[in-house]
Amino acid sequence: TSTLPTVVGHEKVNDTQYQLNTSGGTGVLTFEYGAGATSHDVLDVEPAHEYHVEVVDERGCRTSYDFHTDGYELDIPPYFVANRENWLVGNLDRFEGAVVEIFDRTGKLLLRSRDFSKGWDGMYNGVAMPSTDYWYVITFSGSGRQITGHFTLLRES
C-alpha cells in the first residue's frame, strides 16, 4: 500500500502561476483544476480566484485541495481635489465587472458604476458636492466580495 497523493501547501511563483507542494501517491501525479489537467506541479492561474484541485496518482487514488490566489492590489486614494482630478481607483480595470458605489455621509447613493475608468469628479446630478468624507463600496463580480472605506473630497476655495 501507499499513501494518498496530498497537496501539503502552495507557493506563489508570480501573479499567474502557483506551485503545489505534494507528498505521497504512486508514480506521476495529475492535477485537475479549472484550467484542465496537467502533470506539472506549477499551475497557470488567474489572480483573485478560488481553485479546487483534484490530485490523482497512477493508481487512481485521489484527494482534493482548495486554495485562493492573491489578487492585484487596488490603489485607493485617501483624498482627491475636485476640479483638478477625479477620484480614481488604480488597478480596478483588472477586475472585470467590478461595481463601484459612492455614498455621502448620510448614506445617499451618489454614484453606481460598472465602468469606473474615468473615476468620480465630485458631482451629483450636475451639482458640485461639498468638501467632506464620502464612502465607497467596491463589489467584485462572481465572488460578491466587497471592499468598503472612505475618502475625502477637497475643493479649492
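Just so you know, these numbers come straight off a predicted model, no measurement behind them.
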Asker: Whether the His52 and Glu50 side chains hold a donor-acceptor pair (N or O, under 3.5 Å, no angle test) is what I'd like checked.
Answerer: no
Asker: Would you say the rings of Tyr136 and Trp87 are close, in the sense that their centroids are separated by under 6.0 Å?
Answerer: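 Yes, close enough.
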Asker: How long is the straight-line distance from CE of Met129 back to CG of Leu111, given to the nearest 0.5 Å?
Answerer: 11.5 Å
Asker: Could you walk me through whether Glu101 and Trp135 satisfy the side chain to side chain contact (heavy atoms under 4.5 Å, CB included) test, starting with their C-alpha distance in whole Å, then the side-chain angles of each, then the deciding distance to 0.1 Å, before giving a yes or no?
Answerer: CA-CA 8 Å; Glu101 296 173 310; Trp135 294 88; over 6 Å; no
Asker: When rounded to the nearest 0.5 angstrom, what distance separates CG in Asn86 from CH2 in Trp120?
Answerer: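 Spacing of CG (Asn86) from CH2 (Trp120) equals 10.0 Å.
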Asker: Counting only heavy atoms from other residues, nucleotides and ligands, does the tally under 6.0 Å from NE2 of His40 exceed 12?
Answerer: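 Incorrect, the count does not exceed 12.
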Asker: Is it true that a side-chain atom of Ser39 and a backbone atom of Thr30 form a donor plus acceptor pair closer than 3.5 Å?
Answerer: no
Asker: Hey, does Val89 have a side-chain heavy atom less than 4.5 Å from the side chain of Asn91?
Answerer: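 They are not in contact (no side-chain heavy atoms under 4.5 Å apart), so the answer is no.
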Asker: Under 4.5 Å between any side-chain heavy atoms of Leu29 and Thr22, yes or no?
Answerer: yes
Asker: Please check this pair: side chain of Thr139 against backbone of Arg145, looking for a donor-acceptor N/O pair closer than 3.5 Å.
Answerer: no
Asker: Considering all heavy atoms of both residues, which atom of Glu54 and which atom of Ser64 are nearest to each other, and what is their separation?
Answerer: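 Reported closest heavy-atom pair: OE2-CB, 3.4 Å.
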Asker: As an exercise, state the distance from CG of Asp44 to CD of Gln17, rounded to the nearest 0.5 Å.
Answerer: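 It is 5.0 Å, given to the nearest 0.5 Å.
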Asker: Any donor-acceptor pair under 3.5 Å linking the side chain of Thr6 with the backbone of Val8?
Answerer: no
Asker: So how far is it from Gln146 CD to Phe140 CZ, rounded to the nearest 0.5 Å?
Answerer: 9.5 Å
Asker: With the side chain counted from C-beta on, respond yes when Phe103 and Tyr134 share a heavy-atom pair under 4.5 Å apart, and no when they do not.
Answerer: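 No, every pair of side-chain atoms sits at 4.5 Å or beyond.
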Asker: Looking only at atom types and distance, does a side-chain atom of Thr26 sit under 3.5 Å from a main-chain N or O of Glu58, one as donor and one as acceptor?
Answerer: no
Asker: Which heavy-atom pair separates Glu32 from Ala37 by the least distance, and what is that distance?
Answerer: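 For Glu32 and Ala37, the tightest heavy-atom pair comes out as CG-CB, 3.9 Å.
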Asker: Taking Val100 as the starting point, is it possible to reach Phe151 by hopping between hydrophobic residues whose side chains are less than 4.5 Å apart?
Answerer: yes
Asker: With a cut-off of 3.5 Å and sequence neighbours excluded, list every side-chain donor-acceptor pair involving residues 74-84.
Answerer:
residue, atom, partner, partner atom, Å
Arg84, NE, Glu156, OE2, 2.9
Arg84, NH2, Glu156, OE2, 2.6

Asker: Is a donor on one side and an acceptor on the other found under 3.5 Å between the side chain of Asp57 and the backbone of Arg59?
Answerer: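 Checking the backbone N and O of Arg59 against the side chain of Asp57, a donor-acceptor pair under 3.5 Å is found.
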Asker: On a heavy-atom basis, which atom in Tyr124 and which in Leu109 lie closest, and how many Å separate them?
Answerer: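 For Tyr124 versus Leu109, the nearest heavy atoms are CE1-O, 3.8 Å.
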Asker: Assess whether side chain to side chain contact (heavy atoms under 4.5 Å, CB included) is satisfied between Ile138 and Leu92, documenting all intermediate values.
Answerer: CA-CA 9 Å; Ile138 301 171; Leu92 189 62; 3.9 Å; yes
Asker: With rounding to the nearest 0.5 angstrom, report the CG to CG distance, Leu43 to Leu20.
Answerer: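 One finds 4.5 Å between CG of Leu43 and CG of Leu20.
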Asker: Determine, step by step, whether Val53 and Asp66 satisfy the side chain to side chain contact (heavy atoms under 4.5 Å, CB included) criterion, reporting the C-alpha distance in whole Å, the side-chain angles of both residues, the deciding distance to 0.1 Å, and the verdict.
Answerer: CA-CA 6 Å; Val53 181; Asp66 296 316; over 6 Å; no
Asker: Minimum heavy-atom separation for Phe116 and Ser113, please, with both atom names.
Answerer: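 That closest heavy-atom pairing would be N-OG, 3.7 Å.
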Asker: Does Tyr51 use its side chain to pair, donor to acceptor, with the backbone of Glu46 at less than 3.5 Å?
Answerer: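 Yes: the side chain of Tyr51 pairs with the backbone of Glu46.
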Asker: Transitively linked via ILVMFWY side-chain contacts under 4.5 Å: Val13 with Phe31?
Answerer: no
Asker: Between Arg62 and Leu4 (side chain of the first, backbone of the second, donor and acceptor by atom type, cut-off under 3.5 Å), is there such a pair?
Answerer: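 Not at all, since once roles are kept as given, no pair shorter than 3.5 Å links the two residues.
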Asker: Do the ring centers of His10 and Tyr65 come within less than 6.0 Å of each other?
Answerer: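 Centroid separation for His10 and Tyr65: below 6.0 Å.
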Asker: For residues Tyr18 and Asn14, report the shortest heavy-atom separation together with the two atoms involved.
Answerer: CE1-O, 4.3 Å
Asker: Nearest heavy-atom pair of His150 and Asp133: which atoms, and what distance?
Answerer: ND1-OD2, 3.6 Å
Asker: Is any side-chain heavy atom of Val99 less than 4.5 Å from a side-chain heavy atom of Arg112?
Answerer: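 Heavy-atom side-chain distance check passes, below 4.5 Å.
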Asker: Distance from Met123 atom CE to Leu153 atom CG, nearest 0.5 Å?
Answerer: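 So the gap between those two atoms works out to 10.5 Å.
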